[in-house]
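Since the structure comes first, as structure tokens, the remarks are kept for the end.
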Protein chains: 2
Amino acid sequence: MRSSRPTVLDVARLAGVGASTVSRCLRGGPHLRPEVQERILRAIAELGYEPNEVARSLRGGRTNTIGVVFPHIANTFFSLCIQQIEQEATRRGWTVMLLSHQESVAQQSKQLAVLRRSRVDGVILTPAPGSDPEQVRKELHGMPVVALDRPLWTGVDHVMLRNREAAEMATQHLLGHGYGEIACATASPEIYSFVERIAGYRAAMARAGLGDELILAEDYTRLRAAAGEALRRRPTLRAIISLSNMATFAVVQAIRDVKHEGEREVAMIGFDDVDFATLVEPAITVVRQPTEAFGHEAVALLVQRLTEEAATPLQQRLLAAELVVRASCGCAYRD
Amino acid sequence: MRSSRPTVLDVARLAGVGASTVSRCLRGGPHLRPEVQERILRAIAELGYEPNEVARSLRGGRTNTIGVVFPHIANTFFSLCIQQIEQEATRRGWTVMLLSHQESVAQQSKQLAVLRRSRVDGVILTPAPGSDPEQVRKELHGMPVVALDRPLWTGVDHVMLRNREAAEMATQHLLGHGYGEIACATASPEIYSFVERIAGYRAAMARAGLGDELILAEDYTRLRAAAGEALRRRPTLRAIISLSNMATFAVVQAIRDVKHEGEREVAMIGFDDVDFATLVEPAITVVRQPTEAFGHEAVALLVQRLTEEAATPLQQRLLAAELVVRASCGCAYRD
DNA sequence: TTGTATGCGTTATCAG
DNA sequence: CTGATAACGCATACAA
């Protein structure tokens, strides 16, 4: 059953040629007599030969594999990115090794060690909050890396959202509807993208001469509670911006909680075009991140660097978010 | 920069021992003088040596990698499974190569070829609909496989839901609420799990002496339309069961579409505990699949078979679904 | 145009 | 207890 598979040598023997000739035939070498090539191809088919990528990797020093390390896999933002990465990698003939670090620096270290030992050619990484850039640089040990969604250190290729602009845009939109008191909700406010989005929100509020109110929490269960509390404490608070898909979920719940206690309309703009955005009433206006571009660009950048001849200059992609206007922001319903 | 990394030989030289001694030290061989071990460990630390898994794989004939092939990655059911698989694999010291086939048999063939050439030790596969089992068996070429969510051929390890029971349970629940006309909605009715769930639904309806009505479509946009149409065509239709997270989404939309046209209450039970289930009004009663168990069991089964001494008997896990009762089925609201 | 020999980094074997 | 050696499968340099 587990009969060991045929090697180039088996093919060579059957075709009555040398091993290197078979190798050349496989790799499309030009120096081949058609007749010989024919014999080799037949031998390959007959034996069901397939090259051993492990041996190729050892010999060539390249694995044709990229390591992908994300905080979580099931979070819709990341799973959409991963989906895109897998497809783009497959399309280009690369293979993906998937790992997650659960937002833990320690776990991230372990996973990077796995990638080092596996000799992957490059890495796509969304670093855990609190990562020491210099430490990560060492742990990468020279493996080319593309930072996705969060920065690593200046001088590394990355693909990120224009976080500030995105949050500003949302805030502006709410301000345009006449809301003066607008809160901003997120868990894990130490995570880079949230830091930036908070800054964007604050900038917009400051420009309008208004104060800001942050609703923060360690996790999303607490965020729901915190948002509810904020709404109760401040009856004049009528609008909230949430900074991620999870936060959006929590805020929707909080608003519903408060609504149940008495009449109270609260406008909101969510982050990420979650599927429930169009299902709830009113439909949620959201800041949509271009997840396809995240995945596509990350792979493109990495592959480019892995196959470059001369040194490619630093590549940094700053992606624009899109405001998908629905009803929750105060706009007329128009679905 | 790309200075090639130290090898066992470098470590051996620095420690003043032979290469195999270093190897034994690494693999925890018992035959080592403490003094020598000390020297080796120091050399390893000094050089920053890390074993090359590629070479190990070539030498050992095992890659410590499992291939995971799913239809899609971003579908919440699959992404939850993948998340669990990655965690369980990492915990056990295995590595995951992630691929998707987009429900295409041709794409699946290509991905299995990638896995063959990569010499992964085993595969977790959710086969594309229309797969020829014998063909897949050949394409696996002896690699141990665990089928997840959909069967492959009798005699292969698998982890699946008790689909019929799950659908029957949901149907029963609706029948218990007094609904006589209950429709069942899904796209891609050729996919195994949906076939089974349809059978379960029908069995329950037949047992109650009632006829069944299937709402089928090729994709989910059309399913939304088809469900809306069915509701309009048959004003007495007051309950729908949807067979997947995507179908649930479509049915919720359809019910909302119809509701907008006039007063009409439609009960429903969804499949998969999607996050929007608790956000819409009324909250959706759903059949919850134990995604953690899917991932965990799949890895456990596969690893067991990969590390078995003697031949392990066929392992088939049939997971039970859980009815999460909320309000959409007609039960009192109780959140 | 083709074949032979060598090495990629490990580990198992076997002799010391 | 330890060290030299061979082999895993492939691709390259070089010889023919």
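Chain letters run A, B, ... following the sequence lines, proteins first, then strands; residues in each count from 1. Side chains included, hydrogens not; waters and symmetry mates left out as well; all remaining heavy atoms used.
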So which protein N/O to nucleotides 13-16 of chain D N/O distances come out below 3.5 Å?
none

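- Taking atom CZ of Arg116(A) as the reference point, atom P of dG9(C) lies 17 Å away to the nearest angstrom.
- Considering every non-hydrogen atom in both Gln289(B) and Leu161(B), the closest pair reads OE1-CD2, 3.7 Å.
- Nearest heavy atom pair, residue Tyr49(B) against residue Leu26(B), reads CE2-CD2, 3.4 Å.
- With dT2(C), dT11(C), dG9(D) as the candidates, the nucleotide lying closest to the side chain of Leu32(A) is dT2(C).
- Screening residues 55-77 of chain B for salt bridge (Lys or Arg N to Asp or Glu O under 4.0 Å), with sequence neighbours left out, gives Glu53(B)-Arg56(B).
- Annotation: of the two residues near DNA chain D, Leu58(B) and Arg39(B), the 5′-most nearest-nucleotide partner is Arg39(B).
- OP1 or OP2 of dT2(C) has at least one side-chain nitrogen or oxygen of Arg33(A) nearer than 4.0 Å.
- For Asp10(B) and dT10(C), the CG to C1' distance is 13 Å, given to the nearest whole Å.
- When heavy atoms are screened at a 4.0 angstrom cut-off, Val54(A) is found touching no nucleic acid atom at all.
- Atom OG of residue Ser131(B) and atom CG of residue Leu152(B) lie 7.5 Å apart, to the nearest 0.5 angstrom.
- Counting only heavy atoms from C-beta outward, the side chains of Glu139(A) and Lys110(A) never approach each other to under 4.5 Å.
- The side chain of Val8(B) sits closest to dT11(C) out of dC10(D), dG3(D), dT11(C).
- Proximity of Ser23(B) to the phosphate of dT11(C): a side-chain N or O atom is located under 4.0 Å from OP1 or OP2.
- The interatomic distance linking Arg5(A) (CZ) with dC10(D) (P) rounds to 10 Å, in whole Å.
- Checked against Ile66(B) for a side chain to side chain contact (heavy atoms under 4.5 Å, CB included), the options Val123(B), Val96(B), Thr95(B) give a single hit: Val96(B).
- Taking the screw axis at each terminus of the helix from dT1(C)-dA16(D) to dG16(C)-dC1(D) from five consecutive base pairs, the angle between the two is 50° to within rounding of 10 degrees.
- Looking at heavy-atom distances under 4.0 Å, Glu50(B) makes contact with sugar-phosphate atoms alone, never a base.
- Residues Glu103(A) and Pro71(A) meet the side-chain proximity criterion, which asks for heavy atoms closer than 4.5 Å.
- Looking at Thr65(A), Ile85(A), Leu302(A), Asp121(A) one by one, the single match for side chain to side chain contact (heavy atoms under 4.5 Å, CB included) with Trp94(A) turns out to be Asp121(A).
- Residues Pro127(A) and Arg150(A) approach most closely at O-NH1, 2.9 Å, considering heavy atoms.
- Atom CZ in Arg27(B) sits about 12 Å away from atom P in dT13(C), given to the nearest Å.
- Summarising the geometry, the separation between CZ on Arg13(A) and P on dG9(D) is reported as 11 Å, rounded to the nearest angstrom.
- The CZ-C1' distance, from Arg59(A) to dT10(C), rounds to 17 Å in whole Å.
- With distances taken from any side-chain atom of Thr21(A) to the nucleotides dG9(C), dG3(C), dG9(D), the minimum falls on dG3(C).
- At whole-Å resolution of the value, CG in Leu26(B) and P in dT10(C) are 8 Å apart.
- Atom CG of Leu9(A) is separated from atom C1' of dG3(C) by 12 Å (rounded to the nearest Å).
- In this structure, Thr307(A) contributes its side chain and Val303(A) its backbone to a donor-acceptor pair below 3.5 Å.
- Between Arg56(B) and dT11(C) there is a side-chain N or O to OP1 or OP2 distance below 4.0 Å.
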